[in-house]
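Residue numbers start from 1 in every chain, and the chains themselves are labelled A, B, ... in the order their sequence lines are given, proteins ahead of strands. Here the structure is a predicted model, which means the values were calculated and not measured.
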Amino acid sequence: MNIPSQLNYWYSKNKRTLPWRNSPTPYNIWLSEMIMQQTRIAQGLPYYLKFKEVFPTVEMLAEAHERDVMQLWQGLGYYRRARNLHHAAKQVVHEMDGRFPGTYKELLQLKGVGPYSAAAIASICYNEPVPVVDGNVFRFLSRLFGIDTPVDTSLGKRIFYEQAAAILDHENPGDFNQAMMEFGALVCTPAQPGCKDCPFSEVCVALRTGAVDQYPVKSKRTKATPLYLNSVVVQTSRGLMLQQRPETGIWAGLYGFPTLETSTKPDQRTLSDFCEQLGLPEPNKEKRIGPFSHQLTHRSIEAHFWVFNEPPARVKDYTWVSNKKEISNFGLPRLFERFVDKYIFGTREKPVPSANE
DNA sequence: TACCCGTGGGA
DNA sequence: TTCCCAAGGGT
């Protein structure tokens with residue numbers, strides 16, 4: 001069986017119409033790849049459309065304020081990507097004469113562009129014959145050839161890269177790479193794959209051995225560790241106090257509240273010390289809202305909010321917002337956004353008391 | 001190399 | 001409820 005021709009045929013019949021496929025310019029493909037990393041199409045698509053609307057060109061993105069880029073990225077997660085996106089746009093405009101790098105190797109110079117994204121851009125935009133190996137390709141190839149080397153190892157990455165290179169369609173690498181990813185996303189899916197109508201069902205090793213659900217093999221499984229957040233919410237006549245989060249760590253660069261972050265549940269003394277450092281009075285039960293649970297890939301968060309109505313004496317680098325419209329200029333993590341939406345600037349002024357809150 | 005970094009949907 | 005995982009890259 002000729003795998004590339006089968007794939008390309010399937011792709012021509014079944015590919016989704018996606019906005020960046022209509023005009024596969026380097027800017028469009030790059031933007032889509034940055035947004036879609038570790039993200040489902042359905043989740044990232046609205047963000048792609050927003051970015052294209054607000055920043056139609058790489059020049060406009062490069063000239064933007066970082067806060068506006070972060071705000072537009074709000075809710076998409078992996079916020080370092082937004083900073084890298086902005087940084088790379090400035091690289092293209094200021095260091096590369098406004099032109100995107102023209103080869104796989106040169107594309108790797110862009111912040112946030114790794115082996116996967118560089119291969120995708122180079123093959124789709126420049127027809128450069130470099131294989132793309134993403135989560136879809138790992139899954140498809142591991143099942144098709146019965147490769148049981150763990151994909152999350154350096155050996156695994158090398159083996160899958162070589163396998164993808166071996167079957168790569170050099171005549172049309174861009175379509176071939178997209179076909180593999182699209183096939184993995186639509187047919188060779190993680191759960192309940194469409195083996196019944198799969199064009200490779202007669203040659204698929206995993207299907208023949210009845211082990212489709214055992215591929216791809218992964219060696220490690222990171223467990224989410226507990227994280228306790230205690231946030232200080234200051235609401236006075238000046239409005240709501242916001243503070244930009246640190247450059248590193250969870251929700252880097254986004255806006256939020258001064259927050260005590262601990263791996264174990266803090267005692268009352270630790271909490272009052274934290275408030276004391278900010279020049280705030282004792283946090284007592286009447287000020288507390290929570291707990292809220294919030295799940296990240298690698299963290300299980302328990303969050304509490306402590307609401308104060310007096311200005312803190314010793315908080316630096318803060319800003320005030322007084323209504324929903326003003327806060328929409330700042331990117332907030334979902335956890336904070338939901339809290340603000342419900343308890344601070346909620347459309348329902350007074351939340352209906354319930355036993356759960 | 002190992003670990004860090006979000007969110008939402010589905011089983 | 002809990003877990004998996006999705007067009008990965010940075011450090």
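- Taking 3.5 Å as the limit, the base of B/dT7 and the side chain of A/T39 contain no donor-acceptor pair of atoms between them.
- Counting to the nearest Å, the P atom of B/dG9 and the CD atom of A/Q192 are 18 Å from each other.
- A perpendicular orientation is assigned to the rings of A/W320 and A/Y318, their planes being inclined by more than 60° (bins at 30° and 60°).
- Under the 3.5 Å distance criterion, the side-chain polar atoms of A/D152 are matched with a main-chain donor or acceptor of A/S219.
- Dashed line: the shortest gap from a side-chain N or O of A/W251 to OP1 or OP2 of B/dT7 is under 4.0 Å.
- Computed from coordinates, the A/L335 CG to B/dT7 C1' distance equals 12 Å when rounded to whole Å.
- As judged by a 4.0 angstrom heavy-atom cut-off over every strand, A/R245 is placed among residues making no nucleic acid contact.
- A/Q268 CD: more than 12 foreign heavy atoms inside a 6.0 Å radius.
- Rounded to whole Å, the distance from CZ on A/F336 to C1' on B/dG6 is 13 Å.
- Counting any heavy atom pair closer than 4.0 Å across all strands shown, A/G75 reaches sugar-phosphate atoms only and no base atom.
- Within 4.0 Å (heavy atoms only), A/R40 reaches at least one base atom of the nucleic acid.
- In this structure, the separation between CZ on A/F138 and OG1 on A/T149 is 11.0 Å, given to the nearest 0.5 Å.
- Side-chain N/O atoms of A/Y78 include none lying less than 4.0 angstrom from OP1 or OP2 on B/dC4.
- At the heavy-atom level, A/L18 lies under 4.0 Å from base atoms of the strands shown.
- Residue contacts shown for A/E182 include a base, since a base heavy atom lies under 4.0 Å away.
- Each of A/S293 and A/M36 was matched to the nucleotide of DNA chain C holding its nearest heavy atom; the match closer to the 5' end belongs to A/S293.
- Between the P atoms of C/dA7 and B/dC5, the separation comes to 23 Å (whole Å).
- In summary, contact between chain A and DNA chain C, defined as any nucleotide atom under 4.0 Å from a heavy atom of the protein, begins and ends at C/dC4 to C/dT11 in the 5' to 3' direction.
- Following rounding to the nearest Å, A/Y79 (OH) and B/dT7 (C1') show an atom-to-atom distance of 7 Å.
- One C1' atom belongs to B/dT1, the other to C/dG9, and the distance between them is 15 Å to the nearest Å.
- Across all strands, A/I250 comes closer than 4.0 Å only to sugar-phosphate atoms, never to a base (heavy-atom distances).
- Each of B/dA11, B/dC4, B/dT7 was ranked by its minimum atom distance to the side chain of A/H298; first place goes to B/dC4.
- Judged by distance alone, the side chain of A/Q91 and the main-chain N or O of A/Q109 form a donor-acceptor pair under 3.5 Å.
- OP1 or OP2 of B/dG8 lies within a sub-4.0 Å distance of a side-chain N or O belonging to A/R338.
- When heavy atoms are screened at a 4.0 angstrom cut-off, A/W30 is found touching no nucleic acid atom at all.
- Ring-plane geometry between A/F305 and A/F339 is classed as parallel, the angle between the planes falling under 30 degrees on a 0 to 90 degree scale with a further cut at 60.
- Rounded to an integer number of Å, the gap from A/R80 CZ to B/dC4 C1' is 9 Å.
- Counting any heavy atom pair closer than 4.0 Å across all strands shown, A/S117 reaches sugar-phosphate atoms only and no base atom.
- At a threshold of 4.0 angstrom between heavy atoms, the contacts of A/G249 are confined to the sugar-phosphate backbone, with no base atom among them.
- A donor-acceptor pair shorter than 3.5 Å cannot be found between the side chains of A/D175 and A/N8.
- Here A/A224 lies out of heavy-atom contact (under 4.0 Å) with every strand.
- Atom CD of A/Q74 is separated from atom P of B/dG6 by 13 Å (rounded to the nearest Å).
- Counting non-hydrogen atoms under 4.0 angstrom, A/T248 reaches nothing in the nucleic acid.
- The pair A/R334-A/E337 counts as a salt bridge, with a side-chain nitrogen and a carboxylate oxygen less than 4.0 angstrom apart.
- Separating the CD atom of A/Q43 from the P atom of B/dG6 is a distance of 13 Å, rounded to the nearest angstrom.
- The residue among A/M34 and A/K223 whose nearest nucleotide of DNA chain C is located toward the 5' end is A/K223.
- You'll find the side chain of A/E276 stays beyond 4.5 Å of the side chain of A/E282, heavy atoms only.
- Atom CD in A/Q295 sits about 18 Å away from atom P in B/dG10, given to the nearest Å.
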